[in-house]
Each structure stands twice: as C-alpha cells, then as structure tokens.
Number of protein chains: 2
Amino acid sequence: MTAAQIFKALGDPVRLEIVKRLADGSAYTMNNLSKDLGISRQGARKQIQVLVSANVVFLKPIGRETLVTLDMSSLELARAFITSMENQWDQRLNALKNFVEK
Amino acid sequence: MTAAQIFKALGDPVRLEIVKRLADGSAYTMNNLSKDLGISRQGARKQIQVLVSANVVFLKPIGRETLVTLDMSSLELARAFITSMENQWDQRLNALKNFVEK
DNA sequence: TCATAAGGCAACCAAATGGTTGCACATTGA
DNA sequence: TCAATGTGCAACCATTTGGTTGCCTTATGA
C-alpha cells in the first residue's frame, strides 16, 4: 500500500472517526462501529470497506458478527512518510543556514 | 483545519508528489512545480489549489511568478494526530496486558 | 423452532473530483 | 515596444465518491 492510499483512506471525517474509535479499542464489531456516525449501516459498511481496501483495517468474521481491527502498520507507514518529509525540510533549512553563515 | 482535511489533501499521488518536492526545496514556482507530473499545467494548478485550501501550502505572487511554500504546521498536525492514535492503541494494549497478568 | 439480530450485496442517485481545452491578462527582457 | 513567459479562470466532461433503499442470508437464543 502506498502512502497516498493510506492518506486518502484517512481523509474523510467518517472514516477517521472509525479509525479513532478502533484505536481507542472501544468498538470492534461492524454493528457497534456503524452506530452514531450519522449515516446508515450500509453507508458505514462502505466506508469500512474503503479502510479495508487501503489495509488500514481488516475484518474477521466470528459467527454472525464481524470483528474490525486496526492495522497499525499502515498508520506507522503514514507517520514515517510525514517524518521523512519533515526531515527533508529541516535539512534544507540547515543547509541554507550554513550557506548564509559562511 | 481538521486532520481529515489535511489527510484528504495528501491522499492523491499527484498532490503528494508536489508536497514531496516542496519538502525537498527543489521546486518552488507554479511553473516549476507543474512540470513532469503527467498532467497539464492547469490540471496541476487545480491540485495545488486543493493543497492551498487545506492550508498544506500557501502562495506568494512575486512579479509574474507565484511562489509555492509548504506550511509545515499542517504536516505537524497530521503527524501528531497519528501519534495520538498510536498512543491510544499502546495504552489499550498495556491495560489488557495488566489485566491478564493480574 | 423461529423471530430477531448481524451482516452482505446490488441498484440507484447527486455531488465532488480530476482532468481537459480555450482564452485572457500582466510582467519581463531583448 | 512587443513577443514570450507565467499565471489565472471558466466551461466542460467522465469517473469516483458518499450516501441511500431494498432485499437476502446466516447465526443465535429464548
């Protein structure tokens, strides 16, 4: 999965709320997770599917329920991507600073 | 600006490439930035506008050119958001671990 | 056993997105 | 001065997105 895909998956208020809840560990079944999002169950299902496709989340059917679990490695990848850009930026500024001081 | 808006802005390959270049400090005018993205200048312009609207980037017209600059605080906000979710996750796991060990 | 709970899937729809072309306009430098 | 450069803006288009409703299937538990 690319960084852009993960960012895209996180780039929706409903999906981000879902991910936030999962990180909290408070909700973990489809039904549970679909409540109080302001949209229908089927609507929520589609958003969860987007997260599944981006590997931000994975599903595990247990009996008649389906467990939803966060895949932390995707968050880690996203964070690492941002950090690397921040590092690039800092290095550039330092290089500029050295040039000026010389 | 909300975290979801920033993630959404970063969630497109073309826009992410633009941000990457800016972090690098190698390109900084509209014209410069619009090259080699695989789309027209006007197409690139629209994507840059998305970044502007999300406050990921800001513009500064100089004569007939327009400088594009990264707003690092948006990246910082995005990174902080991810970090906070990772912390929540870790705390949850630790709480679970303590419960099992008790 | 059988009503209820959990969930999947498809069709449909309006709005947003990502791109295009065409044209106008101000700045610049020879 | 004037052609070239850098940029903006609007109209247009196909596809994607985010949501809906309707219906079907499978487990569960009283």
Side-chain angles (χ1 to χ4, degrees), chain A residues 1-22 25-70 74 78, chain B residues 1-22 25-70 74 78:
Chain A
M1 285 302 127
T2 71
Q5 285 178 294
I6 295 172
F7 285 135
K8 185 173 187 177
L10 298 178
D12 174 271
V14 168
R15 289 196 295 266
L16 200 54
E17 169 65 25
I18 291 172
V19 170
K20 227 190 295 183
R21 289 188 191 179
L22 288 172
S26 56
Y28 36 87
T29 71
M30 291 259 69
N31 195 31
N32 213 347
L33 216 46
S34 300
K35 287 173 181 163
D36 303 314
L37 289 175
I39 58 177
S40 67
R41 176 185 63 87
Q42 292 90 335
R45 176 59 237 254
K46 285 183 71 173
Q47 297 302 338
I48 292 172
Q49 186 56 46
V50 172
L51 293 171
V52 169
S53 299
N55 285 317
V56 171
V57 132
F58 56 91
L59 306 181
K60 189 178 185 183
I62 306 276
R64 83 177 140 180
E65 303 193 336
T66 299
L67 263 54
V68 186
T69 313
L70 252 190
S74 61
Chain B
M1 285 304 126
T2 71
Q5 284 177 291
I6 296 172
F7 285 135
K8 186 172 185 177
L10 299 178
D12 174 272
V14 168
R15 290 195 296 265
L16 200 52
E17 170 64 26
I18 291 172
V19 170
K20 227 190 296 184
R21 289 188 191 180
L22 288 173
S26 56
Y28 36 87
T29 71
M30 292 261 65
N31 195 29
N32 211 347
L33 216 46
S34 301
K35 286 173 182 162
D36 302 314
L37 288 175
I39 58 177
S40 69
R41 175 185 65 86
Q42 292 89 334
R45 175 61 239 249
K46 286 184 70 173
Q47 296 303 337
I48 292 172
Q49 186 55 47
V50 172
L51 292 171
V52 169
S53 299
N55 285 316
V56 171
V57 132
F58 56 90
L59 305 181
K60 189 179 186 179
I62 306 276
R64 83 178 141 182
E65 303 194 336
T66 300
L67 263 55
V68 187
T69 314
L70 251 189
S74 62

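Reminder, nothing fancy here: chain letters follow the sequence lines and each chain counts from 1. Just so it is clear, the model here is predicted, and its values are computed rather than measured.
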Legend entry - Rounded interatomic separation in angstrom, taking CG from A:Leu37 and C1' from D:dT20: 15 Å
Inset, instruction - Compare the minimum distances between each of D:dG6, C:dT21, C:dA6 and the side chain of A:Asn31, then state the nucleotide with the smallest one. - result: C:dA6
Legend entry - Phosphate OP1/OP2 of C:dG8: any A:Arg45 side-chain N/O under 4.0 Å: yes
Inset, instruction - For B:Gln49 and C:dT17, give me the distance from atom CD to atom P, rounded to whole Å. - result: 13 Å
Legend entry - Contacting residues from residues 3-14 of chain B, given that a heavy atom lies under 4.0 angstrom of DNA chain D: none
Legend entry - Proximity to DNA chain D (any heavy atom under 4.0 Å), residues of residues 60-67 of chain B only: B:Arg64, B:Glu65, B:Thr66
Inset, instruction - Rounded to the nearest angstrom, tell me the gap between atom CD in A:Glu17 and atom C1' in D:dG18. - result: 17 Å
Legend entry - With sequence neighbours excluded, residues passing side-chain hydrogen bond (donor to acceptor under 3.5 Å, both in side chains) with A:Thr69: none
Inset, instruction - Please state whether the phosphate of D:dC9, meaning OP1 or OP2, lies under 4.0 angstrom from any side-chain nitrogen or oxygen of B:Gln42. - result: no
Inset, instruction - Measure from CD1 on A:Ile48 to C1' on C:dG7 and round the result to the nearest Å. - result: 11 Å
Inset, instruction - Return no unless some side-chain N or O of B:Ser40 is found under 4.0 Å from OP1 or OP2 of C:dG19. - result: no
Legend entry - N/O (side chain, A:Arg41) to phosphate O (OP1/OP2, C:dG8) under 4.0 Å: no
